[in-house]
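First the structure, in the form of C-alpha cells, and then the observations on it.
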Amino acid sequence: NKGYITKDGDLVIKQAYTDYLGFDQTETQVIARRAFAGCKLLDNLDLSKIYAIGEAGFYGCSSLGYADLSSLRNTGSLAFSRCSSLSTVKLVKDTKLSEAMFAVSGLTSVELYNQNCDIPRYCFAQCDKLTKVTLHGNLETIAEGAFSECSSLSQVNFVGKVNVIGRQAFYRDVNLTSVTLPDNEVQIGSYAFCQCEKLQELVLRKNTVIAQVYKTIDADDAHLKDNAVNPAASGYAFQETALSRFTVESGSKYSTDAEGKLLLTDNGKTVVLAAIAARYGDYTLPSGITSVSDGAFSGTAKITDASGTDV
C-alpha cells in the first residue's frame, strides 16, 4: 500500500514517486495530486494497475497518447485534462470518472460501460477531436456540461439506460444533426442541447418517455427534484438548434402531427413538445388537439400567431 485517500479526496503518498526516473510501474498503485502535471514529453506510461490518481495527476501531459484505466477506482478532478495527444483510453464498467477528467483532451471516441453512476460535470468537455460517444451501461446522470463544446461530436449512441441528461450536457456540440433518446424514461435538463446548431431531428424509441425537466436544472442539486415544472421537456432544452422534426418508433407512447414538427401523446390530443426551429407562421393546431403541455412552444421563434379549434 503506497498511499491512502483522505475524506476530501486528496491522495497522500507514503512513498514518493514524483521522479519519473525512479517510477516503478510494476509496483505503484497510487499517483498523487499533480504528480506528473505539465510533463509535456511524457508519452508512454503503463497505468493498467493504477488504482487511484489525484487531482490533475497528468494535467497538461500533451504527449501522452494512450491510457489503460481498467484498474482505476479513485480519481481526482482534471486528472487527464489538457492531454492534447490522448486519443484513446481503456475504460471498464468500474473505472471511476471525475469532474473535468478528460476536458480539453485529444480523445476521438468514448465507450462507457459504467453502471448505476454519473458521468461527472464537464468530464469530456471541449474535446475538439471527439466524434463518437457510445454509452453501453445504465447511467443515472449525464451531469452538467459533461460533453459540452465538443465541436466534432456527430454521433451519440445510448445503448443502455440514462435517467437524466443534465443541464447543458451536450451544449454547443455544433456537429450533432440527430439524437436518438435512450429507450427508457429520461429527464432532459435546461439547455441540454442548446446551440447544437445543426441538430434537426429528435428520435424517440419504443420505450422512451420524456420525464420532468427542471427550471434551473443542475442534476447534482437534490432540492431541484421538488421544483419540476412539466411532464415533458420544454423548448429551452433545444434553444438555438435547428430542431424541426420528431421521429417516433413504432409502439411508442408518442405520435407526431403530419409534418413531424409536433410531438404528441399517443392519442394525438396533447402537444408534448414543438420543434423549436420548424416554420409555423400563423399556426392553427391540428384538429383533435385539446391541450398543450407547459413549455411545449417555449423558445419557438418562427411562430407569429397560434390558435386551435379544439383547445
Side-chain angles (χ1 to χ4, degrees), residues 33-34 36-40 42-43 53-67 69 72 75-91 95-112 114 117-135 139 141-158 162 164-179 188-199 217-220 236-242:
R33 180 181 183 187
R34 301 190 66 85
F36 293 95
C39 294
K40 296 183 179 181
L42 180 61
D43 62 355
I53 297 175
E55 178 185 346
F58 292 93
Y59 181 92
C61 291
S62 55
S63 296
L64 189 65
Y66 173 76
L69 305 179
L72 190 62
T75 317
S77 61
L78 299 164
F80 293 92
S81 179
R82 296 192 179 276
C83 292
S84 56
S85 297
L86 185 63
S87 60
T88 307
V89 292
K90 181 178 180 180
L91 306 170
T95 299
K96 178 67 173 178
L97 302 176
S98 66
E99 183 170 335
M101 182 174 179
F102 298 104
V104 204
S105 72
L107 290 177
T108 58
S109 66
V110 170
E111 294 209 28
L112 294 179
N114 303 64
C117 66
D118 298 344
I119 299 177
R121 296 172 56 184
Y122 308 107
C123 188
F124 299 95
Q126 296 182 330
C127 292
D128 290 341
K129 298 177 183 177
L130 184 63
T131 61
K132 180 181 180 181
V133 172
T134 304
L135 306 177
L139 296 166
T141 301
I142 301 174
E144 179 179 356
F147 293 98
S148 60
E149 297 186 271
C150 295
S151 59
S152 299
L153 183 60
S154 60
Q155 189 174 351
V156 179
N157 300 316
F158 294 103
V162 177
V164 177
I165 299 174
R167 183 178 187 268
Q168 294 184 327
F170 294 92
Y171 168 76
R172 214 173 187 179
D173 291 344
V174 295
N175 270 299
L176 273 181
T177 59
S178 177
V179 170
I188 303 177
S190 297
Y191 311 108
F193 297 94
C194 179
Q195 292 190 27
C196 295
E197 57 190 37
K198 295 182 181 178
L199 180 59
I217 188 170
D218 184 334
D220 297 328
Y236 288 110
F238 304 96
Q239 196 168 52
E240 297 182 62
T241 70

4.5 Å side-chain heavy-atom contact, Phe158 and Ile165: yes
No-hydrogen, no-angle side-chain donor-acceptor test under 3.5 Å, Glu99 and Tyr122: no
Minimum-distance pair of heavy atoms, taken over all atoms of Tyr191 and Tyr171: O-CB, 4.4 Å
Note, Leu135 side chain near Ile142 side chain (heavy atom, < 4.5 Å): yes
Flag, side chain of Ser148 to backbone of Gly145, donor-acceptor distance under 3.5 Å: yes
For Gly166 against Ala192, the heavy-atom pair lying closest together: O-CB, 3.7 Å
Side-chain donor or acceptor of Ser81 paired with backbone N/O of Tyr59 under 3.5 Å: no
Minimal non-hydrogen separation, Ser105 against Cys127, with atom names: OG-SG, 3.5 Å
Distance, nearest 0.5 Å, that separates CG of Asp118 from CG of Leu139: 8.0 Å
Lys198 and its side-chain hydrogen bond (donor to acceptor under 3.5 Å, both in side chains) partner, picked from Thr177, Asp173, Asn175: Asn175
From CZ (Arg34) to CD (Glu55), nearest 0.5 Å: 7.5 Å
Between CG on residue Asp43 and CG on residue Leu64, distance to nearest 0.5 Å: 8.0 Å
Interatomic spacing from OG in Ser109 to CG in Leu153 - rounded to 0.5 Å: 11.0 Å
Where Thr95 and Asn114 come nearest, the two heavy atoms and their spacing: O-ND2, 2.9 Å
Minimum heavy-atom distance between Met101 and Leu97, given as atom pair plus value: SD-CA, 3.6 Å
Any donor-acceptor pair under 3.5 Å from Thr108 side chain to Lys129 backbone: no
Phe80 vs Leu69 side-chain heavy atoms within contact, under 4.5 Å: yes
Check against side chain to side chain contact (heavy atoms under 4.5 Å, CB included), Val179 and Val156: CA-CA 7 Å; Val179 170; Val156 179; 5.7 Å; no
Atom of Leu130, atom of Cys150 and distance for their closest heavy-atom approach: CD2-SG, 4.0 Å
Phe124/Leu112 under side chain to side chain contact (heavy atoms under 4.5 Å, CB included): CA gap, chis, key distance, verdict: CA-CA 12 Å; Phe124 299 95; Leu112 294 179; 4.2 Å; yes
Distance in Å, Gln155 CD paired with Thr131 OG1, rounded so as to fall on 0.5 Å steps: 8.0 Å
Pairwise distance CZ(Phe147) to CZ(Phe193) - rounded to 0.5 angstrom: 11.0 Å
